Undergrad: 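Below is the structure I would like to discuss, written out as structure tokens.
Note that the structure is predicted; figures quoted are calculated from it, not measured.
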Amino acid sequence: MAYLINPEDQDLLDSVREFCEKEIKEQCKEYDVSGEWPAEIYKKAAELGYNGLEVPEEYGGLGLERITVAALMEEFAKADAGFVTTITASNLALKAVLIGGNEEQKQHCCDLLMEGNHGAFCLTEPMAGSDAGNSKTTAVREGDEYVLNGRKCFITNGGVASFYVVTAMTDKSQGVKGMSAFLVEAGTPGLSTGNHENKMGIRTSNTCDVVFEDCRIPASALMGAEGEGYKIAMKTLDMSRTWVGCGAVGIAQRAIDEAVAYGKQRITFGKPILKNQGLQFMIADMEIRVETARQMVAHALKLMDAGLPYSRESAIAKCYAGDIAVQNALDAIQILGGYGYSREYPVEKLLRDAKIFQIYEGTNQIQRMVIGKSVIGKF
């Protein structure tokens, strides 16, 4: 079974599927090889409003249910994981603004996404990945301005964003309690971006450094109060991890689709290879993983909708879905045999794309720490 969405949203899901088939799936093969950011594809997606799928109704969005958005994101991920990464990264930045921003900031960022722009969430640094509190980027108050200095790395949408949510230390002596969050506009003097990373997978997403050199921003760019940046970032990641799990489910589902399509037409010893029980069992295990991961994503989203705690469930969804995406891609390659190892077929790309889902938005080791502590408690 897939996500159960409202019947009135089915037309939107059908249009997204059609867009994925006509505009993403085949076209992204070329960009996977070149590593070029497919601007024209994103332009077409923006014209259809796909950048603003998570914008709340009160800020001009469609007001879609989270489970509907999950179904849409899975379709994007099935077509190309880099594409869904670009869309969800913009929504990651938006989540931070909706959590920690004021009304003016929220409306501004929602407007930008609805107009087809992108956002970027700037937390990771060269020495502050899983250890986000080890940030070296600083923000010094000077009159009615803050001056930012530092470097963020591995920032999705870094080179194409119209707005950036940036964490920086306003009081190093306070540790994570001295971290603040800021909303920075693209084009601000002192803000620059580095070269696009030549990545193993998700090659249709833009990933680069974002550098701040005496970058002056108005004091009004502060999100919340000074010292609330770490809290805003962690709340944002708690929520966004479920959506990473959703993307991973899309990859894992595509692995099944490709394995079954190939296995039905590949003849050995006078019969299709999927007539062999051993491969049927592999397909069954792939399906069990996908449906379990999908329903864990759905469960975490339902908890969000109900206003209940979801940190543990979000970590489980992200961790499990990321792991099974890799395993399903491996199994699809095995079923296709030598062809699976060739770039002539799409399953080797699924493996390259899937690996990052065990790494970004908090590594799966970090997720296991979150899950473990939730079970064991403090002692």
Undergrad: So that I can tick it off, tell me whether E258 and R254 are bridged by a salt bridge, with the cut-off set at under 4.0 angstrom between side-chain N and carboxylate O.
TA: yes
Undergrad: Atom CG of D9 and atom CD of E65: how far apart are they, to the nearest 0.5 Å?
TA: 6.5 Å
Undergrad: Less than 3.5 Å apart, any donor N or O on the side chain of T138 or N149 sitting next to an acceptor on the other?
TA: no
Undergrad: With rounding to the nearest 0.5 angstrom, report the CD to CE distance, E361 to M239.
TA: 12.5 Å
Undergrad: Report the distance from atom OG1 of T68 to atom CG of L12, rounding to the nearest 0.5 Å.
TA: 8.0 Å
Undergrad: For the residue pair F83 and F19, categorise the inter-ring angle as parallel (less than 30°), tilted (30 to 60°) or perpendicular (more than 60°).
TA: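 It falls in the tilted class, 30° to 60°.
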Undergrad: Would one find more than 12 heavy atoms of other residues, nucleotides or ligands at under 6.0 Å from atom NZ of K235?
TA: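 No.
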Undergrad: CD of E47: more than 12 outside heavy atoms within 6.0 angstrom?
TA: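 Above 12, so yes.
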Undergrad: Report, as yes or no, whether the 6.0 Å neighbourhood of atom CD on Q10 holds more than 12 heavy atoms from other residues, nucleotides or ligands.
TA: yes
Undergrad: Go through the side-chain N and O atoms of N157 and S90 and say whether any donor and acceptor fall under 3.5 Å apart.
TA: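 Distance-only check passes for N157 and S90.
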Undergrad: Kindly give the heavy-atom pair with the smallest separation between A96 and T236, and that separation in Å.
TA: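 Smallest interatomic distance, heavy atoms only, reads CA-OG1, 3.2 Å.
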Undergrad: Is a side-chain donor-acceptor pair under 3.5 Å present for T167 with K152?
TA: yes
Undergrad: Counting only heavy atoms not in N195, do more than 12 sit closer than 6.0 Å to its CG atom?
TA: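 Counting other residues, nucleotides and ligands, CG of N195 stays at 12 neighbours or fewer.
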Undergrad: Thinking salt bridges, do D14 and R17 make one under a 4.0 Å N-O criterion?
TA: yes
Undergrad: Regarding Y42 and T86, is there a side-chain donor-to-acceptor distance under 3.5 Å anywhere?
TA: yes
Undergrad: Quick one, L330 and Q334 - any side-chain contact, counting heavy atoms below 4.5 Å?
TA: no
Undergrad: Checking side-chain polar atoms at under 3.5 Å, does Y146 have a donor or acceptor matched by the opposite partner on E226?
TA: yes
Undergrad: Going through the checks in order, is the side chain to side chain contact (heavy atoms under 4.5 Å, CB included) test met by S240 and F121?
TA: CA-CA 11 Å; S240 69; F121 182 68; over 6 Å; no
Undergrad: State the CZ-CG distance between R289 and D331, to the nearest 0.5 angstrom.
TA: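 R289 CZ to D331 CG: 5.0 Å, rounded to 0.5 Å.
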Undergrad: Within a reach of under 6.0 Å around CZ of F154, are more than 12 heavy atoms found that belong to other residues, nucleotides or ligands?
TA: no
Undergrad: How close do L53 and V69 get, heavy atom to heavy atom, and via which atoms?
TA: O-CG2, 3.7 Å
Undergrad: Please determine whether the number of non-hydrogen atoms from other residues, nucleotides or ligands lying under 6.0 Å from atom CD of Q265 exceeds 12.
TA: yes
Undergrad: Tell me yes or no: between the side chains of Q295 and E291, is some donor less than 3.5 Å from an acceptor?
TA: yes
Undergrad: Report the C-alpha distance between I202 and Y360 in whole Å, list the side-chain angles of each, state the deciding distance to 0.1 Å, and finish with yes or no for side chain to side chain contact (heavy atoms under 4.5 Å, CB included).
TA: CA-CA 12 Å; I202 58 167; Y360 65 8; 4.0 Å; yes
Undergrad: How are the rings of Y345 and Y339 set relative to one another: parallel (under 30°), tilted (30 to 60°) or perpendicular (over 60°)?
TA: tilted
Undergrad: Are side-chain heavy atoms of M179 and S135 found at a separation under 4.5 Å?
TA: yes
Undergrad: Regarding T85 and S205, do their side chains bring together a donor and an acceptor under 3.5 Å, going by distance alone?
TA: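 The answer is no; no qualifying pair exists.
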Undergrad: Would you compute the distance between atom CD of E23 and atom NZ of K44 and round it to the nearest 0.5 angstrom?
TA: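 One finds 4.0 Å between CD of E23 and NZ of K44.
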Undergrad: Would you say Y164 and T188 are linked by a side-chain donor-acceptor pair, where the criterion is simply a distance under 3.5 Å?
TA: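 There is no such pair between these side chains.
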Undergrad: Can you tell me which residue among F163, Y50, W37 is in a ring pair (Phe, Tyr, Trp, His ring centres under 6.0 Å) with H118?
TA: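 One option only clears the test, and that one is W37.
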Undergrad: To the nearest 0.5 angstrom, please state how far the CG atom of D209 sits from the SG atom of C122.
TA: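 Result: 10.5 Å between the selected atoms.
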Undergrad: Answer yes when E348 and R352 have at least one side-chain N-carboxylate O distance shorter than 4.0 Å, and no when they do not.
TA: yes
Undergrad: Is the count of non-hydrogen atoms from other residues, nucleotides or ligands lying under 6.0 Å from E8 atom CD greater than 12?
TA: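 Above 12, so yes.
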